[in-house]
Student: 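Input: one structure, supplied below.
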Amino acid sequence: MENQEKYCATSLESLVDYGTSKFGRNVTVLTTEILGDKGQRTRMRKLQQGVRKIVSDNFLPCHSLPYLYAVFYCHATLAHIAQPYIVPLVGADGMKIIATAVCHKDTSKWNPDHVAFRVLNVEPGTVPICHFLTEDNIGWAAENKNN
């Protein structure tokens, strides 16, 4: 995606330093939290009430990378490009998950071969593309009284 600031945090300390350098200390930190036995994996049965839109001018998702130590790939996005949400879910077995979801509102400049377009059978720029952040990803958003 063009016009995104990118950063590779090679420690938890550098991850925190980078996030706070972008938003200061008044920041909302988002992640996906599994409430219950993490050894179990369940199919989601339903979306719970209480989906919350995170209001912020900027969003900084940081994705965990598979290294022997903490490494995160971070990329800053503007609010008109990506919108984060908090989404409560419940599994068929009753397991609860408080998930972070991100909807990419403008996909017009994405690679047309991106897997999301193939899976959803849509074209770039036609619909928002939304996905959940896994529990080892972290999102940063400037603190807002509505969050």
Student: Between Gln83 and Lys53, is a side-chain contact (heavy atoms from CB on, under 4.5 Å) present by the stated rule, with each step listed?
Tutor: CA-CA 8 Å; Gln83 176 62 60; Lys53 180 179 180 178; 3.3 Å; yes

Student: Is there a path of hydrophobic side-chain contacts, each under 4.5 Å between heavy atoms of I/L/V/M/F/W/Y residues, joining Phe23 to Tyr7?
Tutor: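 Same cluster: Tyr7 reaches Phe23 through Ile, Leu, Val, Met, Phe, Trp or Tyr contacts under 4.5 Å.
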
Student: How long is the gap from CD1 on Ile81 to CG on Asp106, to the nearest 0.5 Å?
Tutor: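 The distance works out to 6.5 Å.
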
Student: How close do Ala141 and Phe59 get, heavy atom to heavy atom, and via which atoms?
Tutor: CB-CD1, 4.3 Å

Student: How long is the gap from CD1 on Ile34 to CD on Glu135, to the nearest 0.5 Å?
Tutor: 3.5 Å

Student: To the nearest 0.5 Å, what is the distance between CD1 on Ile98 and CD on Glu33?
Tutor: 7.0 Å

Student: Measuring only between side-chain heavy atoms, which start at C-beta, is Pro124 closer than 4.5 Å to Ser108?
Tutor: no

Student: According to disulfide (SG to SG under 2.5 Å), who are the partners of Cys8, at least two apart in sequence or on a separate chain?
Tutor: none

Student: Assess the residue pair Trp140 and Thr28 against the criterion (side-chain contact (heavy atoms from CB on, under 4.5 Å)); give the C-alpha distance rounded to whole Å, side-chain angles, the decisive distance to 0.1 Å, and a yes or no.
Tutor: CA-CA 6 Å; Trp140 302 79; Thr28 299; over 6 Å; no

Student: Using the rule that two of Ile, Leu, Val, Met, Phe, Trp, Tyr join whenever any of their side-chain heavy atoms come within less than 4.5 Å, decide whether Leu133 and Val29 are in one cluster.
Tutor: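 Result: no, two separate clusters.
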
Student: For residues 113-123, which side-chain donor-acceptor pairs fall under 3.5 Å, sequence neighbours excluded?
Tutor:
unit_1	atom_1	unit_2	atom_2	d
His114	ND1	Ala116	N	2.9
Arg118	NH1	Asp113	O	2.4

Student: Using side-chain hydrogen bond (donor to acceptor under 3.5 Å, both in side chains), reason through Ser14 and Asp17 one step at a time and then give a plain yes or no.
Tutor: CA-CA 5 Å; Ser14 65; Asp17 289 345; over 6 Å; no

Student: Establish whether Leu30 and Val27 are linked, either directly or via other cluster members, by ILVMFWY side-chain heavy-atom contacts under 4.5 Å.
Tutor: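 Result: no, two separate clusters.
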
Student: I'd like to know if the side chain of Thr10 and the backbone of Val71 have a donor-acceptor N/O pair within less than 3.5 Å.
Tutor: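 No, the answer is negative, given that no donor and acceptor are paired below the 3.5 Å cut-off.
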
Student: Decide yes or no for Tyr85 and Arg52: does some side-chain heavy atom of the first lie under 4.5 Å from some side-chain heavy atom of the second?
Tutor: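 They are not in contact (no side-chain heavy atoms under 4.5 Å apart), so the answer is no.
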
Student: Do you know the tightest heavy-atom contact between Asn137 and Ser64?
Tutor: ND2-N, 3.7 Å

Student: Under 4.5 Å between any side-chain heavy atoms of Leu15 and Cys62, yes or no?
Tutor: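 They are in contact (side-chain heavy atoms under 4.5 Å apart), so the answer is yes.
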
Student: Would a 4.5 Å heavy-atom cut-off, applied to side chains only, mark Phe132 and Val102 as touching?
Tutor: no

Student: List the steps and the verdict of side-chain contact (heavy atoms from CB on, under 4.5 Å) for Leu60 and Tyr18.
Tutor: CA-CA 10 Å; Leu60 177 66; Tyr18 185 66; 3.7 Å; yes

Student: Please test Lys22 against Asn58 for side-chain contact (heavy atoms from CB on, under 4.5 Å), starting from the C-alpha separation and ending with a verdict.
Tutor: CA-CA 9 Å; Lys22 302 307 286 175; Asn58 298 296; over 6 Å; no

Student: When clusters are formed by joining ILVMFWY residues with side-chain heavy atoms under 4.5 Å apart, either directly or through shared neighbours, do Leu12 and Tyr67 land in the same one?
Tutor: no

Student: For a 4.5 angstrom cut-off between non-hydrogen side-chain atoms, does Lys6 reach Cys74?
Tutor: no

Student: Under the criterion side-chain contact (heavy atoms from CB on, under 4.5 Å), which of Thr100, Ile138, Leu89, Ile86 is the partner of Thr32?
Tutor: Thr100

